[in-house]
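Accompanying notes for the structure given below.
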Amino acid sequence: MNKKHIWGALLLIGSLTLAMTTLSWSDEDERWEHERGEGNRFWHETSNVPMLTNKAYQTECSACHFAYPASFLPERSWLKIMTSLEDHFGENAELDNDTQAVITRYLQNNAADQSPSRFSRSILRSIRTVDTPLRISETGFFKRKHHEIPNRMVVGNAKVRSFSNCLSCHSMAEKGSFDEDAVRIPGFGRWED
Amino acid sequence: MNITNLLICVLCVLPIYTASASEQVIQQRLADYRATGAADFDATRGAALWQQSHVQAKLGKAVSCRSCHSTQLQHTGQHLRTGKLIEPMAPSVNPERFNDSKKIEKWFKRNCKWTWGRECTAQEKGDLLTFLQSQ
């Protein structure tokens, strides 16, 4: 083997190592989202989702479904949802003008684009700028986080039925925590991947 | 009077109080409907409207109020499509049902459009409310 080959091999090994490290960094980056670092304020805060602070949003929206965190969709998605309430995923969810304005403003001010949470940044990164998803479960980030969960645990599970029922499995969701540790799938228990 | 007696009195009066609150709200709604041109209201007509079915465009099948509110107004209903549980409509078992004017109008608007494809008239709303109140 001549010198050229040795250098070539070294270069190849070097690049591979670098590539692997970067990959594991990005994995690590996502893992942090789930960690509740005791004594580490920074991680602790960013692993949580901002709590709901708007009474109208809470009252009106959770009358029918989990009041999804505003920080889980970009502003453009919320605007599209709030201007098409007469056909809200097949239901009529029209509001009076005042309530609609209050809720729209709340969602705009707390949308993913405005939120420093790691979840929001990951969600935004996973949406193409030309897209305006109407469902959190349509975003690349959501899909990546849930793709390993078999159908029988969600859609085929009478106690869950749909990925839109966050609270069925994310037992701490109302407190703003979507940590994997707190996941309890009805009929199946803890989820560990 | 000791504390237990007082508590019993309060617990007895409470349902009467909430029932009358909802009674007042219903009377106000009916007065408003009359003010917009509705005539007298009739529970029998309301009952017929409650059962009247229309083809829901998006579902492609006939639905009526009973599709989601259960065939027994004293029972808990379940949304045909989403599975959401719906508290009983009959004030006799759910006295809180009609104690909020804005809520009544919000759901009339949504549900008339969803079920019948149009808003209900003041006359229809008055008839429906009179029917429901009697349950």
Side-chain angles (χ1 to χ4, degrees), chain A residues 54-68 80-104 106 134-138 151-169 173-174 185-187, chain B residues 25 28-29 32-33 36 52-70 76-89 94 96-122 124-125 128:
Chain A
N54 188 280
K55 198 165 174 281
Y57 179 68
Q58 181 76 48
T59 312
E60 293 300 335
C61 304
S62 65
C64 297
H65 56 70
F66 176 62
Y68 305 103
K80 200 167 169 184
I81 290 168
M82 291 304 292
T83 51
S84 60
L85 287 176
E86 71 285 354
D87 183 6
H88 188 62
F89 307 102
E91 300 306 309
N92 186 310
E94 284 177 272
L95 293 163
D96 64 76
N97 292 341
D98 292 347
T99 312
Q100 177 164 354
V102 167
I103 293 176
T104 305
Y106 166 73
L134 295 182
R135 295 171 188 273
I136 296 159
S137 55
E138 277 171 7
N151 233 16
R152 68 195 157 87
M153 292 190 183
V154 180
V155 183
N157 185 343
K159 289 191 178 131
V160 183
R161 292 169 56 116
S162 161
F163 274 113
S164 60
N165 295 323
C166 308
L167 260 183
S168 300
C169 306
E174 271 179 319
I185 303 176
Chain B
V25 169
Q28 184 58 52
R29 296 309 329 119
D32 288 353
Y33 299 148
T36 60
Q52 192 171 302
S53 60
H54 293 249
V55 175
Q56 215 272 1
K58 288 188 196 80
L59 284 177
K61 63 175 174 184
V63 295
S64 73
C65 304
R66 302 205 294 180
S67 307
C68 301
H69 287 292
S70 163
T76 298
Q78 188 170 26
H79 193 287
L80 182 66
R81 206 175 60 88
T82 65
K84 176 196 170 191
L85 295 178
I86 305 167
E87 299 278 297
M89 294 305 286
N94 184 7
E96 312 266 283
R97 183 40 103 187
F98 299 108
N99 63 5
D100 180 348
S101 264
K102 276 180 92 172
K103 191 173 173 185
I104 295 174
E105 290 308 315
K106 179 175 79 182
W107 284 104
F108 260 140
K109 187 175 182 186
R110 290 175 172 179
N111 291 349
C112 289
K113 283 172 126 179
W114 190 87
T115 317
W116 292 355
R118 62 167 175 84
E119 287 200 43
C120 291
T121 62
E124 287 167 336
K125 289 197 276 189
L128 283 164

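Residue numbering restarts at 1 for every chain, and letters A, B, ... go by the order of the sequence lines. Any value given below was found using the heavy atoms of this structure, including those in side chains, with hydrogens, waters and symmetry copies removed.
Proximity to chain B among residues 152-160 of chain A is not found for any residue, judged by heavy-atom separations below 4.5 angstrom. Residues of residues 84-94 of chain A that come within less than 4.5 angstrom of chain B, heavy atom to heavy atom, are A:D87, A:F89, A:G90, A:E91, A:N92, A:A93, A:E94 in numerical order.
With respect to chain A, the highest number of heavy-atom pairs below 4.5 Å among B:K102, B:K106, B:E105 belongs to B:K106.
Using a 4.5 Å cut-off between heavy atoms, B:K103 makes no contact with chain A at all.
Residue-environment remark: NZ (B:K84) exceeds the threshold of 12 foreign heavy atoms within 6.0 Å.
Rounded to the nearest 0.5 angstrom, A:D96 CG and B:K109 NZ are separated by 8.0 Å.
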